[in-house]
Amino acid sequence: MTAYERLREACGVIRDLEHTAALLDWDQQTFMPVNAEPDRVAQLTTLAGVIHEKQTDPGFARLLEQAEAECRDCAPDSVQACLIRRLRRDIEKQSKVPVDLVKQLAEAAAQAHSAWAGAREKAQFSLFAPHLERLLDLRRQYAVLFAPYESIYDPLLDNFEEGFTAKQLDILFADLRRNLVPLLRRIIDSQPPAECPKAVYGEKEQLAFINEVLHAVGYDFTRGRQDQSAHPFTNEFGLNDVRITTRIFPEMPLSALLSSIHECGHALYAMGVSRELDRTPLADGASFGFHESQSRLWENLVGRSRAFWEYCFPVFRRYFPEQLKNASAEQIWRAVNHVEATLIRTESDEVTYNLHIMLRYEMEKELLNGTLAVKDAPAAWNAKSMELLGVEPANDAEGILQDIHWSMGEFGYFPTYAIGNLLAAQTWCAAEKQVPDLEAEIAKGNFRPLLDFLRRKVHVLGARFTPAETLRRSLDAEEIKPDCFIRLLEKKYSRICGF
């Protein structure tokens, strides 16, 4: 075997272990018995240590050097060159992190998950606070390993969005907020009332309805499945096993539908990665922002479109004939696009959603910098919620405990949601130019032209290139900007609101 072939095989072993850990995490959030937590903590901690040891093993580094020499004449955009670039970056980062810290982070996150779930159920932040303190301390220790930096946030953000910095985020968010807030006020002041008919929508029927829609969109149930969890998510254990979850609310059927379409967007991306990247670090999204762009595109630019409801409403009414006997496609379309400043991020509309992200981003920076004490975090959250959204949580479950991410120690993750929103809009604008009769095909329930475009332009690339290079190759764009996002919102709401 060549050095490169042996390197690929070593990558495959690491990837298999990562997928095994992911499967254990999926089980923890779906079907694991409550009293199994101590066993699961030990298992995840052990796997995290083994994975880190393999990634930082001197023999792996030597193998990479041999493969580099062997592939010196490979084209810069070849799979070989791209994999070597990615592994070089990963090794340089991972080698700075002691295995003990990796194990401590895995253990702390596994323990924090159950604490967060219990605290959320009781709406009592104090039950989670010690775990948040520990995770913040561990992440500060992690960040210091990558000094010097302009912001302690930069090394954490770089784990999710390679090359992005807090300074860039501040500029991008300021530009977005400057355009978004006046538009939000115009919409709220002029939008007509709209809601889905109030009724009880059975859980079994909701899941059957949603699965039919997911099948039409392109989700392959022979390579995935949908279950329920406290917080909807997508997890992949290989290119042929990509699973999603949702939450069912008996009186809010549109919530489960949109969350499932959102997670389906992630799954479609994962299922569309080129097979030649399988069992390597390149079999991922280009970044978390790129991954989020696919889920937000399907949720908002498809699932909230007028064309989509031309197709979807007859399917919806077939499952709920009594509940929807006096409803129309127009009514449901307006209902899924109703704008209201609400408390829960995952239930928010596409206009206010980015404000939820700005709240969390500002909180993370303050917590990591130590300018905000953990004990004061719930009050600070409530104050920022009033400042940005004009609403204040009645309890911790509606406020600081609503998201799972901090219990996983994933500081730096939240901004990728907003980046994903902007990338989704830029991707949609590119699709409108290149896919003939895009909206007409969606109205007929034909999602294949859009999916083929995404597969060809984005999915197949996986993580072969940096996010910046992927942006250039897939969308012929040099930077992430809010222009398309704002323009699409103005187009939709000028029709809804008449301005």
Side-chain angles (χ1 to χ4, degrees), residues 77 82 161-164 168 172 175-176 179-180 183 217-218 261-262 264-274 284-308 311 337 350-351 353-354 415-495:
D77 62 351
C82 292
E161 209 64 32
E162 180 183 348
F164 234 86
Q168 288 174 290
L172 184 63
D175 190 15
L176 176 60
N179 290 279
L180 188 58
L183 178 59
V217 164
I261 294 174
H262 177 102
C264 178
H266 283 301
L268 292 174
Y269 193 178
M271 290 175 171
V273 170
S274 172
D284 275 326
S287 70
F288 279 69
F290 261 98
H291 232 303
E292 193 63 21
S293 76
Q294 300 307 291
S295 60
R296 299 299 282 179
L297 184 148
W298 284 101
E299 177 190 356
N300 290 332
L301 299 171
V302 176
R304 296 182 194 267
S305 71
R306 185 64 179 83
F308 175 81
Y311 145 76
N337 287 292
E350 61 180 318
V351 182
Y353 186 94
N354 288 321
T416 66
Y417 286 128
I419 290 171
N421 281 332
L422 305 187
L423 279 173
Q426 288 177 266
T427 304
W428 181 265
C429 289
E432 284 187 315
K433 295 176 181 177
Q434 298 183 44
V435 180
D437 303 317
L438 177 58
E439 292 192 0
E441 292 300 320
I442 289 173
K444 292 187 293 187
N446 181 16
F447 301 95
R448 194 72 213 185
L450 175 60
L451 182 56
D452 285 347
F453 169 83
L454 296 174
R455 287 266 156 90
R456 186 174 67 254
K457 289 290 187 178
V458 180
H459 300 178
V460 72
L461 297 177
R464 281 181 63 175
F465 307 104
T466 65
E469 180 64 16
T470 303
L471 183 65
R472 285 191 288 270
R473 287 174 177 266
S474 61
L475 303 180
D476 195 26
E478 293 298 321
E479 60 181 325
I480 300 168
K481 300 173 67 175
D483 303 29
C484 287
F485 177 75
I486 295 296
R487 187 165 67 250
L488 289 171
L489 287 181
E490 289 175 338
K491 179 182 177 181
K492 178 192 292 184
Y493 284 96
S494 65
R495 178 177 175 183

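Not measured: the values here are computed from a predicted model. Throughout, residue positions are numbered sequentially from 1 according to the sequence presented.
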Using a 4.5 Å cut-off on heavy atoms from C-beta on, say whether the side chain of R455 contacts that of L268. yes
Separation between CG (L461) and OG1 (T470), nearest 0.5 Å, reads 6.0 Å
So CG of L297 and CG of L450: to nearest 0.5 Å the spacing works out to 6.0 Å
Rounded distance [0.5 Å steps], CZ in F288 versus CD in E162: 12.5 Å
Minimum heavy-atom distance F308-G303, with the two atoms named: CD2-O, 3.5 Å
Judged by atom type as modelled, is there a donor-acceptor pair below 3.5 Å linking the side chain of E292 to the main-chain atoms of I419? no
Looking only at non-hydrogen atoms, find the nearest pair between S295 and H266 and report the distance. OG-NE2, 3.2 Å
In Å, rounded to the nearest 0.5 Å, how long is the span from CD of E161 to CD of Q168? 10.0 Å
Report, one line per pair, each donor and acceptor closer than 3.5 Å where one atom sits in a side chain of residues 476-493; sequence neighbours left out.
| residue | atom | partner | partner atom | Å |
| --- | --- | --- | --- | --- |
| K492 | NZ | N337 | OD1 | 2.7 |
| K492 | NZ | E350 | OE2 | 2.3 |
| Y493 | OH | N337 | O | 2.6 |

Please verify the inter-ring angle class for F447 with Y311; under 30° counts as parallel, over 60° as perpendicular, anything in between as tilted. perpendicular
Contact between L454 and T427 at the side-chain level, heavy atoms closer than 4.5 Å - yes or no? yes
Less than 3.5 Å apart, which donor and acceptor atoms pair up between the side chains of residues 429-441 and the rest of the protein, not counting sequence neighbours?
| residue | atom | partner | partner atom | Å |
| --- | --- | --- | --- | --- |
| E432 | OE2 | W428 | NE1 | 3.2 |
| E441 | OE1 | N446 | ND2 | 2.7 |
| E441 | OE2 | K444 | NZ | 3.1 |

Give me the one residue out of V273, D452, L451 that meets side chain to side chain contact (heavy atoms under 4.5 Å, CB included) with H459. L451
dist R456:CZ -> S474:OG (nearest 0.5 Å) comes out at 12.0 Å
Quick one: closest heavy-atom pair of A286 and P467, and the distance? O-CG, 3.6 Å
If you measure from CG on L422 to CZ on R296, what distance do you get to the nearest 0.5 Å? 10.5 Å
